[in-house]
Amino acid sequence: MNAVEIEQAITELAELPFDVAEFPFAFLESFGNKATAIKKLRSGTSNKSDIDGVLQANHIHLKTCDAGQVPQTLSDLKGSKATQTKRNKVRFLLATDGETFEAEDLITGETVSCIYDDFPNHFVFFWPLAGLSKTKQLSESEFDVRATLRLNKLYTTLRADNPDWEKRSHDMNHFMARLIFLFFAEDTDILNGEDLFTNTIETLANADGSNTHEVISELFRAMNTDYPDRDAANLPRWATPFPYVNGGLFSGSTEVPKFSRIAQRYLTHIGHLDWTKINPDIFGSMIQAVADEEERSTLGMHYTSVPNILKVLNPLFLDDLRDHLDQAGDNRQKLKNLRTRMSNIRVFDPACGSGNFLVIAYKQMREVEFEINKRRGEAFDRSEISIRNFRGIELRDFSAEIARLALIIAEYQCDVTYRGQKDALADFLPLDRENWITCGNALRLDWLSICPPTGAGVKVKSDDLFETPLDQAEIDFENQGGETYICGNPPYQGSVNQTAEQKEDMRRIFAPVFKRYKDLDYVAAFMLAAARYNRLTGASSALVTTNSIVQGEQVAMLWPLIFQQQNKVSFAHKSFLWSNLASNQAAVTCIIVGLTISGGVRTIFDGGTSRSVEVIGPYLIPSTDQIVQKRSNALHSLSKMDYGNKPTDGGNLILSSVEKDELLEQYPHATDLLRKYVGSQEFIKGIHRYCLWIEDQQLTFALSIPEIQARVEKVKSLRSQSRGTQANKAAGSPHRFVFTPHTSETAIIVPQHFSERREYLTIGYHDGSRVVIANSASAIYDANLVDFSVLSSALHMSWLSAIGGRLKSDYRYSNTLVWNTFPVPKLTEKNKADLTRCAEDILLAREAHFPATIADLYKPDAMPQNLRDAHEANDEVLERIYIGRRFRNDTERLEKLFDMYTKMTTQVPS
DNA sequence: AATCCGACATCGA
DNA sequence: TCGATGTCGGATT
């Protein structure tokens, strides 16, 4: 069962008369339990309750009771032996008498206590029963979740009932936005009379929905007719209580999709929710799920949580406003100046989605303004902060509609909170005619005309911003002297996964200024566009982006361009995990980068801490904005590191330990065709795998073994069907790895990915075993132990950590980017001998713990003392070679390494 | 010829 | 179901 179905089921359950005996089973059935599971509970075979209730292991212990016994029953449940039995894993307790309803979540400690009829309002509380995960955010937004789910039902029904609207998704979206406005308006006295809209429908529309569209259409017409024109408009009497709203929302077609009986029921069903509880920032982000097939199952997948939005907005400008508020104290003039300043601040989100950044920014500013007005004794004054200064661009039509609505609702709610409902109502209608949310592709629209620059001296030609600007609106200067702040969470997409259209967007932004842009993430285009806008207008920006634009190879592609635009990093949040409402969390690690062309203190935020620095570099480290370029030859004179062997075989050339044994049992001679195959995981976790390693002269023999022949055939067909040209070419020799086949007697294996929790690189030394190193690792063939010593050092780890790429936040090792760029001083023969001995000691220390895996040995909290000592000794020797003593910390290590890197790369060749 | 990446992918507890 | 932690092969240079 999905969330929509659960909501429906428990709503229906609550509407039925309460049945003491049946309720527990009906309740569990609503959450998706199968009939067989219910049957087993009923018969008692799976009911573990010891107090005559129902206990479903892993889930819930619930009991119905006589009137007035709920608190006692809940405490009985809590104290019962069965609840306390660990094996039963009870998460929820629930007691009800049909009057009141009480429940407790034993994991989070949350409780619910409400009248029985209201329990469906807490259905998110029980989501884990249906295998859906609930977040704190989600449980605090029950209304928004329910409203979204119900709108979803209505939307899909209307789509199904109106196939002729298939191609008119904009009209459908606009219609939904109008409905949402009406639901909100009728519950907030914006419409005169409680539930005016829903009641009108219920009174006038036929039960089968046959004329619903006509009724609604007339209402729309009323709301689009200003009072002077009303008499002429010939409105039916029942439509006249509906006020003039317009503001673009009700202008245009009044056509309404047709309603079936079911759609009609859903409509009134939604109307009966209490829409005063709507939370525009949260609702907006969830509701995209209504119109978006892909997001339907995820409910706000790309939703940015409020704390994360504040991580952007506070350092960008809100903190500064609050500082000025503090400084102003009770000085009336200063307070007024601040208010005037705020009225000229423009907030612009070029990928605004449903507008949650804009809504939060607006709400926060209203809070500051209210404090000003309170201190000036003008608490009930009309706000000087206009929602027209909150501008956005959004690609998806439905989101764009909702963004606008969300701002309108936020404005009303702030007015109610700060000025009282009477004043809020007086100023609310009609809505502003203009729409400040533009629906379109932000990378092809001219930001300068959508959010015109501010300040008297600015004269801009839009061609500077994009290669081919679209129609540029006349630039107005109404916001003269004001500030503009760009914020948002634009879409990320790695180069491999970009759509054709996204690639074209990238080309337009980057091609005019830079050739090697194709490996950049899509979000980089927004960064550059923002940087340009900042340069041209003096604005500042802060965007949430994937962390990959401040790591690895992308740094050298993007950041010179940002610097060219005279932008500097004003503040940054280091990597944090994305969190959203979906149960399958988007696997992405984010950063926030603030850009500005102005000076000032820079701040680096990391988790809960922050520090002020003078410069923030593109790797989000302080002190240096040096960029490290990847290189194909090394800066040092240690051994060469190569990429591992790439099979491109669909797994067909690879054998597990078991498969190998089976093969050899039947064909003992095949042992000549097999080698040990070691990638990152095999090495780190001590897994044994093997690969077919067939020399050309062995081919006839190899193919005589049916098992091998089948595998080789599969490789051939897979490679020829591949989209990769290299794979196609290698289809001709399917018995071989696709390229760089290489083995040697001794080799160092360097996993390309490994856990962020390691204190040292988890590398290995293979001696005399002719292993095949996979492309999940890099390799130094015919290696020596000096290489091993350097790779094992804390110094090398800090270099990797600072400039290397990452997968999530785990380390990603690259020969070109990390090994070849690593600065090493000239090593004497004695140095080499010392380092070799240190490397041997590390290997010996590991060996002492045989058969522990590398994963075991390098667990940060369980690293054996002798291994730690061996690494310490290695660091001691190596660091003395660098500066004659140990480094004090990583900051000092990086300072030295970057210093050396700069010197070694700027030497003029003679 | 050789990678560097992944609004990820895939384990096993 | 969710923490933990690194596959695999394509598009790009």
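Each chain gets a letter, A, B and so on, in the order the sequences are listed, and its residues count up from 1.
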Colleague: Can you build the contact string for nucleotides 7-13 of chain C? Use B for base contact, S for sugar-phosphate-only contact, and - for no protein heavy atom under 4.0 Å.
Modeller: BBBBBSS
Colleague: Taking only residues two or more places apart in sequence, or in another chain, which ones meet S657(A) in a side-chain contact (heavy atoms from CB on, under 4.5 Å)?
Modeller: H688(A), Y690(A)
Colleague: Output the rounded distance in Å from CG (D810(A)) to P (dC11(B)).
Modeller: 17 Å
Colleague: Dot-bracket for DNA chain B, please, read 5' to 3', with Watson-Crick or G-U wobble pairs under 3.5 Å on both distances, ( ) within the strand, [ ] crossing, | other strand, . unpaired.
Modeller: ||||||.||||||
Colleague: Does D642(A) have any salt bridge (charged side-chain N to carboxylate O under 4.0 Å, His left out) partners at least two apart in sequence or in another chain, and if so, which?
Modeller: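 Residues passing salt bridge (charged side-chain N to carboxylate O under 4.0 Å, His left out) with D642(A): K640(A).
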Colleague: Can you list every pair that meets side chain to side chain donor-acceptor pair (under 3.5 Å) and has a residue in residues 724-736 of chain A, with sequence neighbours left out?
Modeller: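 For residues 724-736 of chain A, and leaving out neighbouring residues, the side chain to side chain donor-acceptor pair (under 3.5 Å) pairs sorted by first residue read D696(A)-H735(A), D696(A)-R736(A).
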Colleague: How long is the span from the CZ atom in F125(A) to the CG atom in D105(A), to the nearest 0.5 Å?
Modeller: 5.0 Å
Colleague: Listed by chain and number, what are the salt bridge (charged side-chain N to carboxylate O under 4.0 Å, His left out) partners of E659(A), not counting sequence neighbours?
Modeller: R711(A)
Colleague: With heavy atoms under 4.0 Å as the rule, sort S548(A) into base, sugar-phosphate or nothing.
Modeller: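 Since only primed, P, OP1 and OP2 atoms lie under 4.0 Å of S548(A), the category is sugar-phosphate.
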Colleague: Just call it for R719(A): base, sugar-phosphate, or nothing, with non-hydrogen atoms closer than 4.0 Å on any strand.
Modeller: nothing
Colleague: Using the side-chain hydrogen bond (donor to acceptor under 3.5 Å, both in side chains) criterion, which residues pair with S755(A)? Sequence neighbours excluded.
Modeller: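 Expected list: none.
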Colleague: With sequence neighbours left out, what residues match D606(A) under salt bridge (charged side-chain N to carboxylate O under 4.0 Å, His left out)?
Modeller: none
Colleague: D519(A): which residues meet the salt bridge (charged side-chain N to carboxylate O under 4.0 Å, His left out) condition with it, sequence neighbours left out?
Modeller: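 By the salt bridge (charged side-chain N to carboxylate O under 4.0 Å, His left out) rule, D519(A) matches R516(A).
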